[in-house]
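Okay, so here's the structure we're looking at.
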Amino acid sequence: MNRLKDSTSPYLLQHADNPVDWWPWCDEAFAEAARRDVPVMLSVGYAACHWCHVMAHESFEDPQTAALLNEHMVAVKVDREERPDVDSVYMTATQAMTGQGGWPMTVFMTPGQEPFFCGTYFPRDQFQKLVLNVSQAWRAQREGVTDQARRVSTALAENAAAVAQALRADGAGLSGARFAEIAQASVSALEVDYDAAEGGFGGAPKFPPSMVLEFLLRYHRRTPSPAALAMAERTCEAMARGGLYDQLGGGFARYSTDGAWVVPHFEKMLYDNALLARVYLNLWRATGSELGRRVALETCDWMVRELRAPAGGFAASLDADSEGEEGKFYVWRPAELVAVLGPVDGEFAARAFGVTQAGTFEHGASVLQRRAEPADAERFARVRRALLAARERRVRPGRDDKVVAAWNGLAISALAECGLLLGQPHLIEAAHDAASLLAGVHLTGQRLVRTSRDGVAGDTPGALEDYACVAEGFLTLSGVTGQGRWLALAGRLLDTALGAFGDGEGGFYDTPADGEPLIFRPADAADNATPSGTFAAAGALIGYAALTGSARHRDAALAALGVLPVVAGRYPRAAGAGLAAAEAALAGPPEIAVVGDPDDERTRALHRTALRAAPPGAVLALGDGRGAGDERGGEASVPLLAGRGLVDGSPAAYVCRQFTCQAPVTTPEQLEQVLAQPY
């Protein structure tokens, strides 16, 4: 066992018995490289990454390759999910040097952490030659190598500063009218990139555009825009009917390798499913789509069933591989269907799920699809249950069971809203348990740690996205449960975000001011697979300001959105979360206070209607009608509830914007009418 044996990261533990003398990312590793006068080879990946496994099997488990690494350099292994700051810095370097990026990421650097050669996956023979060539260059051309490393590091730092300045140049004093212009221009730009035939944007590989879909649904609610709704509806249907979606167990894979959503890259991530569950719920809210309702519920149930950790949070991911083969757990052949179901139902299942003799994947296997609803729904449900039960007897993909704070925040939001709207209290319970883990294990005072495992906190400080997404989850949970303590905790997190991550000009860094120094301090305002920390913070700040009346937090949100003109103008697909936050700001957002006995069905009906009929981005508070703010959370009251009492002894709902309220209503029908008014 090497030095990774004491790690809490499942990805690092996968490499703990490699013959490579791995070090975790730590000062001691770089000190050892300086002592030996050798370069550092940094390898960055994550547990569910298929090509990371391939490179591990080919190179890091190979004694000859390991011997070369051990002799000529210090090898450092990083879990990108545990250290997004390290990943961000060296992915920027990799993309700058090569024009592309990905994982596994392979970086050769000086003992001073300055990179001089970057790449991604290398086959074993090529990697061995690379190690020898880098070592020879280090010995024979030291001055040139170190000079290049210094120039690269300096350029990266200068570029990061210049980008931050450029992003803010066009965003000072953004008004509602300017937000509306940016949103309209973004929809027009997205139409150009939209795949009208297959849904989604651009060509293969296709990633689920979660944040863009959320923006399009919000934009449609405000305008309304047929084009925005059509892009959202078609993309949601195409993803849910293709192989990207697990047609037996629910949940989405990471991305589609083709343009028609047929063959996925089979890893399943918590963040994708949390974001998509909320999108499909909002599709149902907007259109009444039964597909939206079904997929939202199935995805939430999948998260609870397959990712819920014993300590209460949610695991990070499921692997793409099982038994050393990508997708083996999920794919089917016609004979396998017959073996489980018999010839008649086997043929029915093959037609329903698009399983053919030729196959749609490797070696004649097919990825299940559901291109149309079967005429015999009862038979289909029975067949589906039988296949799922049979699949459970297969060797399951590995699970990365670390709990990532930001991704759990996203899950809390999705589960709480789906639980309330779809009448599934077990989902609200799961959201509450995850929030309790974050509050009890990840949060100490004002600071979050990013990860935990088995209920034990890791030692990596939280990134901006952790503070923002957890705050958003707590705000949502407060509105769903009526427990004011979650609002208070969200406020603590957002105040820390403003103090420790702010750049002094209204923007944010991704790492705290007292975080570990790297060759530059990352500050990426663009969305990636998850909302950028900046845009997530803006969204949470808008929600918190709406519930508390805090002008300071609203002003901070609008300042953070100052990067939106540049990000959305250059690449709107990377600005979905910011555009969605801007839509919430344009909507007010609506502030809905529901008051009444929580055990009274009239209160519950108003509560459900408030969430169902409100524009996405609205905030919700639930109280007992005493009018002084709800203190049942035991920590703080909710300012939006102050002064909101019962109406003639009956439960009531107050719809407000910036704490200016319309007359209270007492029936769901009246509440729907108020919330349907344009804004």
- Task: Would you check if the side chain of D527 reaches a backbone N or O of S532 as a donor-acceptor pair within less than 3.5 Å?
- Result: yes
- Task: Starting at CZ of R293, measure out to OH of Y280 and round the result to the nearest 0.5 Å.
- Result: 16.0 Å
- Query: Of the options V367, V331, D258, V355, which is the one that meets T360 in a side-chain contact (heavy atoms from CB on, under 4.5 Å)?
  - Reply: V367
- Task: State, yes or no, whether a side-chain contact exists between D454 and P310 at a heavy-atom distance under 4.5 Å.
- Result: no
- Item | Side chain proximity check, I592 to L675, heavy atoms < 4.5 angstrom | yes
- Query: Are the charged groups of E191 and R234 less than 4.0 angstrom apart, N to O?
  - Reply: no
- Query: Hey, is the main chain of T666 close enough, under 3.5 Å, to the side chain of Q670 for a donor-acceptor pair?
  - Reply: yes
- Out of curiosity, R573 CZ to L579 CG, how far, rounded to the nearest 0.5 Å? 13.5 Å
- Between I412 and L438, is any pair of side-chain heavy atoms under 4.5 Å apart? yes
- Query: Would R399 and D401 pass as an ion pair if we require N to O under 4.0 Å?
  - Reply: no
- Query: Who passes side chain to side chain contact (heavy atoms under 4.5 Å, CB included) against A232, sequence neighbours left out?
  - Reply: L213, L216, L217
- So, do R453 and P10 sit near enough that their side-chain heavy atoms are less than 4.5 Å apart? yes
- Item | Any donor-acceptor N/O pair, R379 side chain to P374 backbone, under 3.5 Å | no
- For the residue pair W486 and H432, categorise the inter-ring angle as parallel (less than 30°), tilted (30 to 60°) or perpendicular (more than 60°). perpendicular
- Message: Between N273 and W302, is there a side-chain heavy-atom distance shorter than 4.5 Å?
- Response: yes
- Non-hydrogen side-chain atoms of L387 and V340 separated by less than 4.5 Å: yes
- Task: Just grab all the side-chain hydrogen bond (donor to acceptor under 3.5 Å, both in side chains) pairs involving residues 606-622, residues at least two apart or on different chains.
- Result: E601-R608
- Query: With D246, which of R254, R384, R370, R391 fulfils salt bridge (Lys or Arg N to Asp or Glu O under 4.0 Å)?
  - Reply: R391
- Query: Taking the side chain from N408 and the backbone from F314, do they hold a donor-acceptor pair closer than 3.5 Å?
  - Reply: yes
- Item | Separation between CG of L427 and SG of C418, rounded to the nearest 0.5 Å | 7.0 Å
- Query: Parallel, tilted or perpendicular for Y245 and F252, by the 30°/60° rule?
  - Reply: tilted
- Query: Any donor and acceptor pair, going by atom type alone, linking the side chain of T356 with main-chain N or O of G359 inside 3.5 Å?
  - Reply: yes
- Query: Does the distance from a Lys or Arg side-chain N to an Asp or Glu carboxylate O, for R382 and D345, drop under 4.0 Å?
  - Reply: yes
- Please examine the side chains of L307 and K268, heavy atoms only from C-beta on, and report whether any two atoms are closer than 4.5 Å. no
- Query: Checking R278 against W284: charged group under 6.0 Å from the ring centre and within 45 degrees of the axis?
  - Reply: no
- Begin from the C-alpha positions of H50 and D319 and carry the test side chain to side chain donor-acceptor pair (under 3.5 Å) through to its verdict. CA-CA 8 Å; H50 170 71; D319 208 327; over 6 Å; no
- Cation-pi between R241 and W261: NZ/CZ under 6.0 Å from ring centre and within 45° of the ring axis? no
- Item | From CZ (F348) to CG (L337), nearest 0.5 Å | 11.5 Å
- Hey, is the main chain of R333 close enough, under 3.5 Å, to the side chain of E336 for a donor-acceptor pair? yes
- Query: Shortest non-hydrogen contact from A490 to L475?
  - Reply: CB-CD2, 3.7 Å
- Task: First locate atom OG of S478, then atom CG of L620, and finally report the distance between them rounded to the nearest 0.5 Å.
- Result: 8.5 Å
- Query: If we ignore angles and hydrogens, is there a donor and acceptor under 3.5 Å between the side chains of E326 and H53?
  - Reply: no
- Polar side-chain atom of T481 near backbone of Q483 as donor-acceptor pair, under 3.5 Å: yes
- Message: Main chain of K206, side chain of S256: is a donor-acceptor contact present, judged purely on distance under 3.5 Å?
- Response: no
- Task: Start with the C-alpha distance between D466 and H442, add both sets of side-chain angles, then the distance that settles side chain to side chain donor-acceptor pair (under 3.5 Å), and finish with yes or no.
- Result: CA-CA 10 Å; D466 295 302; H442 287 244; over 6 Å; no
- Message: So L270 and V404, do their side chains get closer than 4.5 Å, heavy atoms only?
- Response: no
- In terms of side-chain geometry, is the basic nitrogen of D321 or K328 positioned less than 4.0 Å from the acidic oxygen of its partner? no
- Message: Looking at Y46, is its backbone amide N or carbonyl O close enough to the side chain of D79 to form a donor-acceptor pair, meaning the two atoms are under 3.5 Å apart?
- Response: no
- Give me the ring orientation class for F380 and F353: parallel if the planes are under 30° apart, tilted from 30 to 60°, perpendicular past 60°. tilted
- Item | Rounded distance [0.5 Å steps], CG in L291 versus CD in E237 | 6.0 Å
- Item | Residue list, side-chain hydrogen bond (donor to acceptor under 3.5 Å, both in side chains) with R305, at least two apart or on another chain | none
- With a 4.0 Å cut-off, would you call R294 and E290 a salt bridge? no
- Task: Return yes if some donor-acceptor pair links the side-chain N/O of D195 with the main-chain N/O of E198 below 3.5 Å, else return no.
- Result: yes
